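These notes concern the structure reproduced below.
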Amino acid sequence: MFNEMSRDDGSIRAAYAQVAKWIEETGIERLKGRREEAETIFRTIGITFAVYGEGGDPERLIPFDLVPRVFDATEWTRLERGINQRARALNAFIHDIYHRGEIIRAGKVPGELVWRNSAFCPEMIGVDPPGRVYSHIVGIDIVRTGEGGFQVLEDNCRTPSGVSYMLENREIMMRMFPELFRGNRVAPVDDYPGLLRKTLEELAPPACNRDPVAVVLTPGPYNSAYYEHSFLADQMGLELVEPQDLLVEDGRCWMRTTRGLRHVDVIYRRIDDDFIDPLTFRADSMLGVPGLMSAYRSGGVTLCSAPGAGIADDKAIYVYVPEMIRFYLGENPILENVPTWQCAKADECKYVLENLADLVVKEVHGSGGYGMLIGPKATEKEREAYAERIKADPADFIAQPTLDLSACPTIAEDGVEPRHVDFRPFCLVGKQMRLVPGGLTRVALRRGSLVVNSSQGGGVKDTWVLTE
Amino acid sequence: MELAIHHLTEYLYEPPVSRVALRLRLFPTVTASQQVGAWTVTVNGAPVEPAFANAYGDSEAFAHVPGPVGQIEIVAEGRVTTSEGSGIVAGMRDLVAPPTFLRCTQATRPDERIEAFAREHGKGDSPLEIAHALSHAVGAAIEHIPGSSDAATTAAAALEAGQGVCQDKTHVLIAAARSVGIPARYVAGYINDEASGESALATHAWAELHVEGIGWIGFDPSNETCPTSDHVRLCSGFDARDAAPVRGSVAGVVDEETLRAEVRVTEVAQGQSQQ
């Protein structure tokens with residue numbers, strides 16, 4: 001296990017010097033007390049996260065751990081280049097498969113995997129969104145397995161959530177521990193909302209001939225990420241709208257306001273493809289805006305993300321991302337993929353079935369950590385049952401080795417102990433790439449656990465990027 | 001053959017609704033064997049122009065009617081000149097890779113019965129022969145009984161019942177073709193009343209199957225033929241819902257929605273076509 005703070009000989013890595021000193025000076029009892037204080041603040045602000053399918057308290061709080069996760073300037077420079085590179089390649093791929101499909105013609109990606117994928121949206125074929133951007137906010141889940149060993153676990157090209165935690169975690173840390181931020185060694189993240197707004201506005205559609213108006217479209221207060229939708233709208237100074245506030249007329253999109261209709265140029269939508277327009281997608285959707293696709297196709301409004309962008313973050317497509325980087329950019333991937341076996345391939349499927357006890361198996365179309373098998377943690381019976389599912393539909397599964405995720409110091413009952421973490425930065429793609437130095441660090445709070453999903457007992461941390 | 005077409009779709013809402021939004025694909029496709037003459041589409045009398053051509057090669061329009069509105073009358077009419085093309089669809093700007101049409105939808109998901117049916121009847125020395133055999137078998141397996149099915153009837157349910165209308169036959173053919181690896185899509189259109197032997201109350205439907213080396217070919221299992229100069233192609237999709245020439249969305253509470261459609265297709269006599 002790679003411990004991000006301390007080496008095997010007990011010495012502290014330079015990036016964590018300040019954090020180590022702070023932990024020692026504060027002491028575990030006071031840290032635990034201040035953790036409760038932080039929780040009270042979170043509850044007062046109202047940051048909660050509903051968990052699908054788990055029942056219980058839908059207003060459950062994601063636990064916040066006070067000990068920050070730290071990257072030094074050199075590490076971040078490499079991460080930043082790798083993240084930008086990946087976000088560019090993913091957008092190039094989406095544009096390509098909805099146009100000439102060069103990567104398929106070149107035999108680098110199997111066409112069937114794209115065309116028959118439910119995330120591939122035929123309605124988008126031949127459509128040219130402004131700036132050729134499909135995924136405007138690319139959330140890339142990165143794990144660390146060693147000193148220089150960063151690997152990408154998965155990409156999120158639709159509407160990755162969690163950025164509000166990046167902002168709120170920092171806010172709370174600065175409020176509670178201002179002394180930690182003296183000297184400006186920690187790079188700020190608070191310009192994210194401004195940069196997101198700039199990204200949205202610079203991709204206004206051709207029909208827009210004045211200052212562009214962008215809005216945040218939410219399914220409404222019952223959505224589990226509603227807090228984030230309203231928080232981001234508020235931080236950006238944009239209207240938060242629900243589907244019934246919008247309508248389409250004359251090839252444009254409009255919002256109803258107390259002073260009549262006002263045009264809308266760019267929609268940052270937090271509603272899934274299937275539901276955005278009942279005239280094109282699911283007819284039973286109560287969350288859609290009828291005619292939105294028509295206005296989009298006619299160049300009257302920009303949708304962020306573009307419909308069909310999810311094809312690029314499909315787990316069956318994931319294995320081909322390093323190839324996309326070479327194919328579209330002519331570069332070598334800076335960040336590697338996690339080795340992955342595709343059960344769709346007979347020989348790889350055989351290997352997976354023979355080594356289930358050592359592997360993590362995921363459903364190709366699943367997300368949020370649901371429906372996966374963690375081989376080493378599963379019982380014989382669970383593995384047998386899962387093997388039957390794989391045999392029934394091999395193409396629906398991929399497998400990866402159980403990763404030895406790096407660990408960060410985390411406040412536990414008996415003291416500060418290492419807990420496994422991952423990392424999700426949020427790369428903004430507009431006319432240029434923008435990446436704030438930070439992101440969301442998720443932590444598995446149970447000792448030894450490798451599952452960091454907030455829906456499965458994970459917590460969050462503030463993430464520091466140190467300046468030189 | 002020159003065909004005069006009049007297609008009326010009428011919706012009645014009780015009580016009147018606050019807004020109706022419509023997506024219309026009522027513009028006949030231009031292909032090597034189908035030319036479109038004067039053609040108009042109106043919604044409550046107001047003309048509607050196509051906004052763009054979609055990836056399938058069909059023209060689409062969006063229209064909305066502000067409320068309170070209790071009645072919507074959509075009229076598509078004009079003249080289309082057709083010629084025999086053995087059902088081969090040529091000259092269309094169609095951007096979708098054919099294997100995309102191997103995807104299943106809820107209405108076209110094959111069950112064991114359809115898979116067995118496709119294996120049993122889908123025999124031949126070439127994909128073209130298999131396609132013909134399947135289309136013929138579907139026509140024979142499903143008796144044409146108006147009212148025996150509804151818009152939501154799936155291919156699986158239609159084959160089990162052994163009865164249905166052109167939509168059901170088309171769904172079964174599509175499901176069967178896809179289950180043996182032949183890409184298939186749903187086509188909505190019109191058919192000359194004289195050819196079908198009746199005046200239609202709705203649009204006609206058939207399937208197009210993609211045959212390697214030839215391209216998309218129409219198969220009309222209801223008439224056990226490939227589309228002839230009596231067929232007029234409107235638009236296509238994965239199934240009936242996806243290829244619906246008229247899709248509507250209503251804002252407001254509707255206690256009762258009534259739909260009435262009327263399609264008249266007649267051959268223009270030689271002398272008249274010059275006028």
Side-chain angles (χ1 to χ4, degrees), chain A residues 97-101 104-105 110-128 207 243-254 256 261 276-301 307-308 311, chain B residues 17-25 46 48-67 93-107 109 151-152 178 181 183 185 210 236-252:
Chain A
I97 57 158
Y98 288 120
H99 290 80
R100 285 184 50 81
I104 296 170
R105 290 166 195 245
E112 303 273 320
L113 212 53
V114 172
W115 299 320
R116 296 183 68 173
N117 197 309
S118 59
F120 179 73
C121 176
E123 286 79 3
M124 285 299 292
I125 297 172
V127 179
D128 283 296
Q244 64 270 20
D245 300 327
L246 297 180
L247 60 91
V248 171
E249 268 180 44
D250 306 323
R252 302 282 307 265
C253 186
W254 307 81
R256 297 183 169 96
L261 293 181
I276 53 167
D277 180 357
L279 291 180
T280 296
F281 303 108
R282 281 181 62 156
D284 59 349
S285 171
M286 304 298 284
L287 301 175
V289 181
L292 192 58
M293 274 305 279
S294 178
Y296 179 65
R297 291 283 330 243
S298 316
V301 68
I311 183 66
Chain B
V17 296
S18 59
R19 189 170 192 268
V20 179
L22 297 163
R23 177 184 175 207
L24 305 174
R25 281 171 288 177
V48 175
E49 298 295 330
F52 60 91
N54 65 26
Y56 308 141
D58 310 322
S59 291
E60 283 197 39
F62 172 80
H64 74 101
V65 181
R93 184 185 163 276
D94 163 12
L95 305 173
V96 186
T100 311
F101 287 98
L102 288 168
R103 282 192 197 188
C104 291
T105 62
Q106 202 180 345
R109 184 156 288 119
R178 288 178 188 160
R185 63 190 184 193
H210 191 265
S236 66
F238 284 87
D239 58 18
R241 193 189 67 93
D242 190 46
V246 177
R247 269 176 83 163
S249 172
V250 170

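Just so it is clear, the model here is predicted, and its values are computed rather than measured. Keep in mind that the numbers below use all heavy atoms, side chains included, and drop hydrogens, waters and symmetry copies.
Interface remark: A:Phe120 contributes backbone and side-chain atoms alike to the contact with chain B (heavy atom separation under 4.5 Å). Contacts between A:Glu112 and chain B at a heavy-atom distance below 4.5 Å involve the side chain alone, from C-beta outward. Only the side chain of B:Phe238 comes within contact range of chain A, with at least one heavy atom under 4.5 Å from a heavy atom of that chain. Both the backbone and the side chain of A:Ala283 come within contact range of chain B, with heavy atoms under 4.5 Å apart.
Considering CG of B:Leu95 and CE of A:Met124, their distance stands at 12.5 Å, rounded to 0.5 Å. One finds the CD atom of A:Glu249 at 8.0 Å from the CZ atom of B:Phe62 (value rounded to the nearest 0.5 Å). Rounded to the nearest 0.5 angstrom, B:Leu102 CG and A:Trp115 CH2 are separated by 10.5 Å. Residue A:Ser294 holds its OG atom at 11.0 Å from NE2 of B:His64, rounded to the nearest 0.5 Å. Rounding to the nearest 0.5 Å gives a distance of 9.0 Å between OG of B:Ser249 and CE of A:Met286.
The main-chain N or O of A:Pro278 is found under 3.5 Å from a side-chain atom of B:Arg247 such that the two form a donor-acceptor pair. The backbone N or O of A:Leu279 lies less than 3.5 Å from a partner atom in the side chain of B:Arg23, making a donor-acceptor pair.
Atom CZ of B:Arg93 sits in a sparse spot, with 12 or fewer heavy atoms from other residues, nucleotides or ligands closer than 6.0 Å.
With chain B as partner, the option from A:Asp277, A:Val248, A:Leu247, A:Asp250 having the largest number of non-hydrogen pairs under 4.5 angstrom is A:Val248. Contacts with chain B were tallied for A:Arg297, A:Gln244, A:His99; A:Arg297 has the most, counting heavy-atom pairs under 4.5 Å.
Put simply, the side chain of A:Glu123 reaches to within 4.5 Å of the side chain of B:Asp242, judged on heavy atoms.
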